[in-house]
Participant: 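Before we start, here is the structure in question, set down as structure tokens.
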Protein chains: 2
Amino acid sequence: MATKCKHCPLRGRDHFVPMSQEEVNVMQRFKVGELIVDAGAPILMQGSNSPQLFTALHGMGLRYKYLENGKRQVVNFILPGDFIGLQAGVMGEMGHSVEATTKMTLCVFNRSAIWSFFKDNPERAFAVTWLAAVEEHFLGNALATLGQRNALQSVAWALAKVYLRGEQLNMVSNGQMPLPFRQQDLADALGLSLVHTNKTLARLRNRQLAQWSDGVLSIADIDKVADIAMMDETSVPQRPIL
Amino acid sequence: MATKCKHCPLRGRDHFVPMSQEEVNVMQRFKVGELIVDAGAPILMQGSNSPQLFTALHGMGLRYKYLENGKRQVVNFILPGDFIGLQAGVMGEMGHSVEATTKMTLCVFNRSAIWSFFKDNPERAFAVTWLAAVEEHFLGNALATLGQRNALQSVAWALAKVYLRGEQLNMVSNGQMPLPFRQQDLADALGLSLVHTNKTLARLRNRQLAQWSDGVLSIADIDKVADIAMMDETSVPQRPIL
DNA sequence: CGGTTTATTGAATATTCTCAAGTAATGTGG
DNA sequence: CCACATTACTTGAGAATATTCAATAAACCG
């Protein structure tokens, strides 16, 4: 029923650091099952102390948090290979919520086993830290976007970023990739209003730089978009998977 | 000359997770020296692959990154106990720069030893991951600030946040703590212009909520400030030190 | 004592937001 | 199959928030 780690659909993609046979076996032992959720389903709640950790296998989702005034900050888009629940895993409490945007398949790990996991598998422990560092790196860039880029640069940055991630995951063909989010999700990720996000997307579309409609993102010249976005790193290094 | 880990000035403070004798010994072996830098000195450069990792012992600093257009995003203020260089340590490259704002004393660790450190000391490896998760948690909140709070709420959030950190470090007395940064640093942290930051600070001052001048932050009623800031968590959990 | 940095304030400008209205696509119950 | 509700996207216009420009004051430094 559940996918075997040795047949993990993610491992083949060149974006990920290769795993030894032994590491795959370790992950297989740590994995306690597979979770399939429908679009719209909540996976983790902000403030919760979930007994489970996940790796996204298929589908897409959102990390977000709500403020008291009802405004929502989208922290990141979740794509296959993303690790979910680290904060609860080590600190005991999630700083944000996670929900599925499309139907998703998730690898399920047991939070109570994380300590023995660390003790017995230093390579895997290092991989967990690596992923945390990757996320920290991303959030620093996102912060710079909200703080220092204007709307056009922000939207260009977000689209280019997700496009580059899509490329690494072999989701891009003919300059197109699936991006099944709403404009409101992007607006909440960039701290822009829906209206302004919409108009900014229209500007990029009119300039023939990026088109995003019906859940499909299409970028003809990624370098031009990255240029508008002032992205310093248009290549993304390998990272491990769990 | 160099501070012995067993006499570390940080460990006494109740904010930090206690360390066993054995853990202290491990840190002592991992520690290769102490670095003292003057105010204004660079410590790590964005994009660099530093051979060293640090823990701040005394003094304060800044994490920041520059964009191509010359704008600067301050990612975080560095206070004693902060771990510096994790990204280079695991990914091989820093996503931001670090510089000293005051004279600083830093514990120095050897990056090349990090792997054996992980292998031989799972508890310490777990602590590193914990710190990474704490930073990720903070950055998520910072993102929500830049994205969803207005200037008054943002400034209130930043001041309350640093004040609470100061409390944990026993730096607060009589509602006052040292905060030796410039208004420009705060502005760059919140994605606001210097002028607007200045005027917003004046508003908080006039309302007798928070005063920050001559490098000293003074908050009479932290709950009121946290309230304006819509902070959900006014208590901060313990965390490990390295 | 000039030169530099930091903080402060006013005024004009620009960006972004909110409000409002309308379209298109989809789904539901009668 | 149609009327109606719902959701996502689009566009225009006025309002609010924040930026830029400019000038001044205060503190610090060599």
Side-chain angles (χ1 to χ4, degrees), chain A residues 38-40 60 62 67 69-74 99 101-102 145-159 178-207 210-218 228, chain B residues 38-40 60 62 67 69-74 99 101-103 145-159 178-206 210-218 228:
Chain A
D38 282 336
M60 297 191 191
L62 288 175
L67 268 63
N69 60 3
K71 295 196 175 189
R72 181 183 71 153
Q73 177 65 41
V74 167
E99 95 178 23
T101 298
T102 65
T145 296
L146 300 225
Q148 313 301 333
R149 283 182 245 250
N150 62 27
L152 186 71
Q153 294 164 339
S154 288
V155 172
W157 178 83
L159 295 184
L179 192 65
F181 299 99
R182 297 166 305 159
Q183 292 186 357
Q184 183 71 63
D185 297 325
L186 181 63
D188 289 347
L190 296 174
L192 299 170
S193 70
L194 172 62
V195 170
H196 200 50
T197 302
N198 177 285
K199 289 173 180 168
T200 307
L201 283 167
R203 276 212 281 164
L204 286 171
R205 195 188 317 128
N206 292 336
R207 293 199 203 175
Q211 176 156 17
W212 177 35
S213 53
D214 300 314
V216 176
L217 170 65
S218 169
I228 288 177
Chain B
D38 282 336
M60 297 191 192
L62 287 175
L67 267 62
N69 60 2
K71 297 198 175 188
R72 182 182 71 151
Q73 177 65 40
V74 168
E99 100 180 17
T101 298
T102 66
K103 180 178 175 184
T145 296
L146 301 225
Q148 312 301 334
R149 282 182 246 251
N150 62 29
L152 186 70
Q153 295 165 340
S154 288
V155 172
W157 178 83
L159 296 183
L179 192 66
F181 300 99
R182 297 165 306 158
Q183 293 187 357
Q184 184 72 63
D185 296 325
L186 181 63
D188 289 348
L190 296 174
L192 298 170
S193 69
L194 172 61
V195 171
H196 198 48
T197 301
N198 178 287
K199 288 174 180 168
T200 307
L201 282 168
R203 277 211 282 162
L204 286 171
R205 195 187 318 125
N206 293 336
Q211 175 155 19
W212 177 35
S213 54
D214 301 313
V216 176
L217 170 65
S218 168
I228 288 176

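Letters go in sequence order (proteins before strands), and every chain restarts at 1. Heavy atoms only: backbone and side chains are in, while hydrogens, waters and symmetry mates are out.
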Participant: For residues 187-201 of chain A, which residues have at least one heavy atom under 4.0 Å from DNA chain C?
Facilitator: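 Under 4.0 Å from DNA chain C: A:G191, A:L192, A:S193, A:V195, A:H196.
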Participant: Does B:L152 offer a backbone N or O that forms a donor-acceptor pair with the side chain of B:T200 under 3.5 Å?
Facilitator: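 No; zero donor-acceptor contacts below 3.5 Å.
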Participant: What heavy-atom pair brings A:W212 and A:L179 nearest, and what distance separates the two atoms?
Facilitator: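 So the minimum-distance heavy-atom pair works out to NE1-O, 3.0 Å.
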Participant: In sequence, state the C-alpha distance, the side-chain angles, and the governing distance for A:R203 and A:N206, and then conclude on side-chain contact (heavy atoms from CB on, under 4.5 Å).
Facilitator: CA-CA 5 Å; A:R203 276 212 281 164; A:N206 292 336; 5.7 Å; no
Participant: Please confirm whether the backbone N or O of A:K71 pairs with a side-chain atom of A:N69, one donor and one acceptor, at under 3.5 Å?
Facilitator: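 Yes: the side chain of A:N69 pairs with the backbone of A:K71.
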Participant: Taking only N/O atoms, report every protein-nucleotides 5-8 of chain D pair under 3.5 Å with atom names and distance.
Facilitator:
| residue | atom | partner | partner atom | Å |
| --- | --- | --- | --- | --- |
| D:dA8 | OP1 | A:R182 | NH1 | 3.4 |

Participant: For B:R182, give me all partners under salt bridge (Lys or Arg N to Asp or Glu O under 4.0 Å), at least two apart in sequence or on another chain.
Facilitator: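 With neighbours one apart ignored, the set is B:D185.
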Participant: Hey, could you give me the CG/CD distance between A:L194 and A:Q184, rounded to the nearest 0.5 Å?
Facilitator: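 Interatomic distance, A:L194 CG to A:Q184 CD, rounded to 0.5 Å: 5.0 Å.
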Participant: Indicate yes or no: at least one non-hydrogen side-chain atom of B:L201 is less than 4.5 angstrom from one of B:L186.
Facilitator: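 Yes, their side chains come closer than 4.5 Å.
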Participant: Tell me which one of B:L146, B:L190, B:D188 satisfies side-chain contact (heavy atoms from CB on, under 4.5 Å) with B:Q73.
Facilitator: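 Going through the options one by one, the only one that passes is B:L146.
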Participant: Rounded to whole angstroms, how far apart are CZ on A:R205 and C1' on D:dT11?
Facilitator: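 From A:R205 CZ to D:dT11 C1': 12 Å.
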Participant: Roughly how far, to the nearest 0.5 Å, is CZ of B:R149 from OG1 of B:T145?
Facilitator: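 Output value for this atom pair is 3.5 Å.
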Participant: So, using side-chain contact (heavy atoms from CB on, under 4.5 Å) as the criterion, who are the partners of A:T101 when residues are at least two apart?
Facilitator: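 Only A:L62, A:F181 meet the side-chain contact (heavy atoms from CB on, under 4.5 Å) criterion with A:T101.
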Participant: Taking any atom under 4.0 angstrom from a heavy atom of chain A, which nucleotides of DNA chain C are the first and last to qualify, 5' to 3'?
Facilitator: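 Taking any atom under 4.0 Å from a heavy atom of chain A, the span is C:dT16 to C:dC19.
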Participant: What's the angle between the local helix axes at either end of the helix from C:dC1-D:dG30 to C:dG30-D:dC1, using five pairs per end and rounding to 10 degrees?
Facilitator: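 Roughly 40° between the end axes, to the nearest 10°.
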Participant: Which heavy atom of A:P178 sits nearest a heavy atom of A:M60, and at what distance?
Facilitator: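 Of all heavy-atom pairs spanning A:P178 and A:M60, the closest is O-CE, 3.4 Å.
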Participant: Please test A:L217 against A:Q211 for side-chain contact (heavy atoms from CB on, under 4.5 Å), starting from the C-alpha separation and ending with a verdict.
Facilitator: CA-CA 6 Å; A:L217 170 65; A:Q211 176 156 17; over 6 Å; no
Participant: Whole angstroms only, please: what is the CG-C1' distance between A:L179 and D:dC9?
Facilitator: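 Taking atom C1' of D:dC9 as the reference, CG of A:L179 is at 15 Å.
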Participant: Look up atom OG in B:S154 and atom CD in B:Q148, then write down how far apart they are to the nearest 0.5 Å.
Facilitator: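 Rounded to the nearest 0.5 Å, the OG-CD separation comes to 10.0 Å.
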